[in-house]
Student: 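Submitted below is the structure of interest, expressed as structure tokens.
Residue numbers begin at 1 in each chain, while the letters A, B, ... track the order of the sequences. Because the structure is predicted, anything quoted here is derived from the model rather than measured.
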Amino acid sequence: MERNDMPKAYDAKQYEDRIYSAWEESGFFNPDNLPGERSETFSMVLPPPNVTGTLHMGHAVMLAIEDIMVRFARMRGKKTLWVPGTDHAAIATSTKVEKILFKTEGKTRHDIGREAFLRRVETFAQDSHDTIVNQCKKMGASLDWSREAYTLDAKRNHAVNVAFKKMYDDGLIYRGNRVINWDPIGQTTISDIEIVYKEVEATLYTFRYAKDFPIAISTTRPETKVGDTAVAVHPDDERYSSFVGKTFENIPFAGTTITITVVADKEVDPAFGTGALGVTPAHSLVDADIAARHGLAMKQVIGADGRMTEDAGPLVAGQTTVNARETVASWLREQGLVEGEEKTAQNLATAERSGGTIEPIPMLQWFMAVRKEFERQGKTVTMCSLMRDAVESGKTKIIPERFEKTYFQWTDTLRDWNVSRQLWYGHRVPVWYRNDEIFVGTEAPEGDGWTQDPDTLDTWFSAGMWTFTTLGWPDLDSADLRTYHTTSVLETGYDILFFWVVRMMLMTTYLMDEVPFKTVYLHGLVRDEQGRKMSKSLDNIINPLDMIAKYGADATRLSLVIGSTPGNDTKLSEEKIAGYRNFTNKLWNISRFVLTSVESVGVPEVIVPKTLADRWILSRLDATLASVTKKLAAYEFSAAGEELRDFTWNDFADWYLEIAKIQDRAATDPILLHILEAVMRMWHPFMPFVTEQIWSSFKETTLMIEAWPVAGGMHDEAVEREFAVVQEAIVTIRNIRATQKVGPAKKVSVTVSEASLLAYAETIKWLARVEELTLGDKQGIQLVLGTMDVEAEHKRLTAERDQLYAYVTATEARLANAEFTAKAPETVVAQMRSRRDEAAAKLAAIKAQLDEI
RNA sequence: GGGCGGCUAGCUCAGUUGGUUAGAGCGUCACAUUGACAUUGUGAAGGUCAGAGGUUCGAAUCCUCUGCCGCCCACCA
């Protein structure tokens, strides 16, 4: 587009897709194609979105922030790589496809079988993937699509197998029969962090196993009590100390018999209930720990189908846990064993994805030993200690810093990680069995009769390896791996810290002996304007694609970045996005004005400021440049954007462009173009589309790979102060006119008293819209009498005088305080003095004006 | 039970090691308006920085306590 053809208003959708295609065709998203010598690198992985559907505002905020980092780095001459990809999200995707399958055909995955089910999941994942890629492009994300990866593709699968084998060989992955979290609906185990607690009302029963049993216990789950093997009491609890160590054999209980040993354990709270805890080692993680400490037997009474087992006894066998609960409760009542029943609030553990009630049951599963000691560079470490050390040593910094504490809570309390899942979609556990033989390897073993473990790995196993499997690991000679790992930054939501960041740190410190990223930047949740989470049921979802279609990607990006700080949630409204649409339009019109009013778009090498205004805007530019650069480098995106907006709108558009209209063309044109160029470069990371489009109307190059501007040594505070005086004069005149209600400006004449201001008479007359400006003999600026409302003016001046007087007196009192002047730094005192003098001068001027009136 | 955060203008939020008239955007009100832009311009009003105490020459900022609101973890069986 030619500079003279720019339409009045910027219409984003006319340009965005075309610009993105041009970027892609240029090949510059791929760092291998970037021009120039680039010794420093910047690398980052895109947190791979789940292939479960479409992108939401959370993804949009992630893409916006990350693209700013990437474009900024690229413009600063770094070899810049941003790796895209998607996550197979085993459990989430499986659950979703299973739901669809059941809804449309009334079938479960078991009805159609493993092969057929996997084909369906893959089709679904592919569709979802295509949608996601398209949405990333709509946001303007400058991702290197040539390096796109999938957490479940062949390369990643190989890497996962290599990792699994290594950890198995090192004794850090083991198979064991332990109490795990079983999801009866999803029919799989899940990890601790995939549990969501829901508050429900439950009945707390207090009873004895038998009439002659000496200790009463309490529970909300009487059906599990047929699996009890012990009663635990606190070691210091004198009520029960005489029973500790005794075993009560073959107690008839709810249709079966149980054998109970009384043990003493510090974990028991003597103040809760009867102070005695019925221990069910097979169906409670806490009880399993107690059982392990005391060598107690484990009796499984609940099966994987969520029903009571044969071992539970004939009274309840085959019943669901909920039915069995009532059965056992009735039995207890009939036997007269119940000593209390009360309603109580209970946190019910449910599976995040399927919603199923978690049943702790013992199962043979694969685990990662996160607290097992091993040698690393002559030191005894554990995976947990490696994770802690990465952040503690400062090798990885977390922004905001307060999340480091949260991070440590995790590294310090993590339990052995159950990594196997009974799902079909995922990385198959690379283990084969034949009779009593076991084979762990990256490929199936030679010979007949081997069967592979049917389970798959927790999705976070492969996600945890994302920073290096995308760069070529396990090939240690991979150029990408050597060039781009450790990655510069990981940017993600704070809600993913435990799920993902912790796992990445674990896998990377162990397998690569280095940290996965130098900085973790955590963004917050995007909420609706009332601060609620966006959800389908509340019908308050703002869809990023809708907003892009309506207001443009640039406006959508700005609305998500400006006004939000790391680690804090942000409230988003459509009005906010519309506000930033207005700003993109403002930028468009600023450019349109500059480009249509200059004689030529060529910028001379040397910029020669002629007027005060010229020197002022160049000073402001340099100051802004320095500050914005510093803020972006420090990940202060919101502050950087606000400062840039302030410069663009207030300084450049509202002051300098107005002044430029009356200045000498030949001198002003180069300055206008110089500023415009710098502004485009600085805004580009925030608003890549509109800036690229504007750039194309007066430049031949691609803005995306232009250099980030550097300050030209024009920052001059004296110039800025001098210009501030002119600005104040203009504002005063405008103000007087407004309060006087004297009508159109053209009728007003003004007298200026300070000789210095007369030098800018033309500027003042133009900006304040006055016809005449003369040098007066009094201080201050006055309206020529005749149109002035004397009373109103008197009132205005009196108010201002009082305010100034209060300030000056207070400041003088402060300055008179010897302790203050002695202890406060000189700069502070000096600043106060100069401010006081300034205010005192102004006060004098106002008094003089009041006398005049 | 443990931990973290928030409370600053009508609304949404900044405020980087304590530094002296507490800022922005939006909204409100007043004024302006034929040439870049009404998706506009100029200006004004509006705050005892949740409360109480303390440290200090000086506190929105540091300490203690209190009050609301929110989040995370633990899971009392």
Side-chain angles (χ1 to χ4, degrees), chain A residues 6 8-10 192-193 195 197 204 217-221 224 232 267-269 271-274 276-280 284-287 290 344-349 400 402-403 405-406 409-410 413 494-495 497-498 525 529 531 551 555 562-565 567-573 575-576 578-597 631 634 636 638-639 642-643 645-646 653-654 657-658 661 730-731 734-735 737-739 741 743-745 767-769 803-804 806-807 810-811 814 817-825 827-829 831-832 835 839:
Chain A
M6 294 170 77
K8 264 180 99 161
Y10 174 68
D192 296 344
I193 52 177
I195 294 175
Y197 290 94
L204 182 68
I217 57 160
S218 299
T219 185
T220 53
R221 301 199 58 189
T224 65
E267 287 302 301
V268 180
D269 176 5
F272 183 85
T274 62
L277 167 67
V279 182
T280 323
S284 155
L285 287 165
V286 174
D287 291 9
I290 294 175
T344 175
Q346 188 194 19
N347 278 330
L348 186 68
R402 68 183 139 91
F403 278 98
K405 207 164 178 174
T406 317
Q409 271 177 12
W410 274 96
T413 60
Y494 66 75
D495 53 329
L497 183 66
F498 339 114
L525 266 45
E529 50 196 315
Y551 304 105
I562 296 184
S564 64
T565 43
N568 291 326
D569 295 350
T570 37
K571 292 179 192 169
L572 182 69
S573 61
E575 292 76 57
K576 191 173 172 186
Y580 287 105
R581 186 269 321 269
N582 294 355
F583 180 65
T584 58
N585 191 57
K586 183 74 184 179
L587 195 66
W588 179 261
N589 276 293
I590 288 169
S591 311
R592 198 157 75 96
F593 171 72
V594 172
L595 295 175
T596 52
S597 56
K631 282 174 173 154
E636 294 170 24
S638 177
E642 277 184 70
E643 178 147 9
R645 177 183 56 192
D646 186 54
D654 292 341
L657 289 193
E658 289 304 316
K661 288 174 184 170
I730 292 163
V731 169
R734 284 170 174 166
N735 244 340
R737 201 172 55 226
T739 43
K741 294 200 167 89
L767 291 179
R769 302 286 193 274
Q803 203 183 340
L804 278 169
Y807 171 67
T811 309
R814 200 52 77 56
N817 184 334
E819 212 171 354
F820 168 67
T821 46
K823 289 188 181 171
T827 49
V828 172
V829 179
Q831 190 182 26
M832 269 184 86
R835 282 187 191 179

Student: Within the 4.0 Å limit for protein heavy atoms, which parts of nucleotides 9-17 of chain B are touched? Write it as a string from 5' to 3', B for base, S for sugar-phosphate only, - for none.
Tutor: ---SSS-B-

Student: To the nearest angstrom, how far is A/E658 atom CD from B/U40 atom C1'?
Tutor: 11 Å

Student: Return the value, rounded to whole Å, for the distance between atom NZ of A/K586 and atom C1' of B/U40.
Tutor: 6 Å

Student: In whole Å, I'd like the distance from the NZ atom of A/K405 to the P atom of B/C71.
Tutor: 20 Å

Student: Nearest 0.5 Å, please: how far is OH in A/Y551 from OG1 in A/T584?
Tutor: 11.5 Å

Student: Is a side-chain N or O of A/D569 found less than 3.5 angstrom from the main chain of A/L525, in a donor-acceptor match?
Tutor: yes

Student: Would you kindly give the CG-to-C1' distance between A/L587 and B/U39, to the nearest whole Å?
Tutor: 13 Å

Student: Could you state the CG-P distance from A/N589 to B/U40, rounded to the nearest angstrom?
Tutor: 10 Å

Student: Taking only the side-chain nitrogens and oxygens of A/R835, find out if one of them lies under 4.0 Å from OP1 or OP2 of B/U21.
Tutor: yes

Student: Can you check the distance between B/A60 and B/U20, where both ends of the measurement are the P atom (answer in whole Å)?
Tutor: 11 Å

Student: Who is the Watson-Crick or G-U wobble partner of B/A45, with both distances under 3.5 Å?
Tutor: none

Student: Could you go through the side chain to side chain contact (heavy atoms under 4.5 Å, CB included) check for A/Y807 and A/R835 one step at a time?
Tutor: CA-CA 10 Å; A/Y807 171 67; A/R835 282 187 191 179; 3.5 Å; yes

Student: Need the pair for B/G10. Rule: Watson-Crick or G-U wobble, both distances under 3.5 Å, any strand; none if unpaired.
Tutor: B/C26

Student: Do nucleotides 72-77 of chain B as a string where each nucleotide becomes B, S or -: B if the base has a protein heavy atom under 4.0 Å, S if just the sugar-phosphate does, - if no protein is that close.
Tutor: SSBBBB

Student: Taking only the C1' atom of each, what is the distance from B/U28 to B/U34 in whole angstrom?
Tutor: 29 Å

Student: Would you indicate whether A/E658, at its atom CD, is surrounded by more than 12 heavy atoms from other residues, nucleotides or ligands within a distance under 6.0 Å?
Tutor: yes

Student: Any donor-acceptor pair under 3.5 Å between the side chain of A/K8 and the base of B/C37?
Tutor: no

Student: Nucleotides 57-59 of chain B: which of its N/O atoms have a protein N/O under 3.5 Å away?
Tutor:
{"from": "B/C57", "atom 1": "OP1", "to": "A/E819", "atom 2": "OE2", "distance (Å)": "3.4"}
{"from": "B/C57", "atom 1": "OP1", "to": "A/K823", "atom 2": "NZ", "distance (Å)": "2.3"}

Student: For A/R402 and B/G6, what is the distance between atoms CZ and P respectively, to the nearest whole Å?
Tutor: 6 Å

Student: Treating A/N589 as the side-chain partner and A/K8 as the backbone partner, does any N or O pair qualify as donor plus acceptor under 3.5 Å?
Tutor: yes

Student: Measure from CE on A/M832 to C1' on B/G19 and round the result to the nearest Å.
Tutor: 9 Å

Student: What's the CZ-P distance between A/R592 and B/U40, to the nearest Å?
Tutor: 14 Å

Student: With C1' as the reference atom in both, quote the distance from B/U55 to B/C71 in angstrom, rounded to an integer.
Tutor: 32 Å

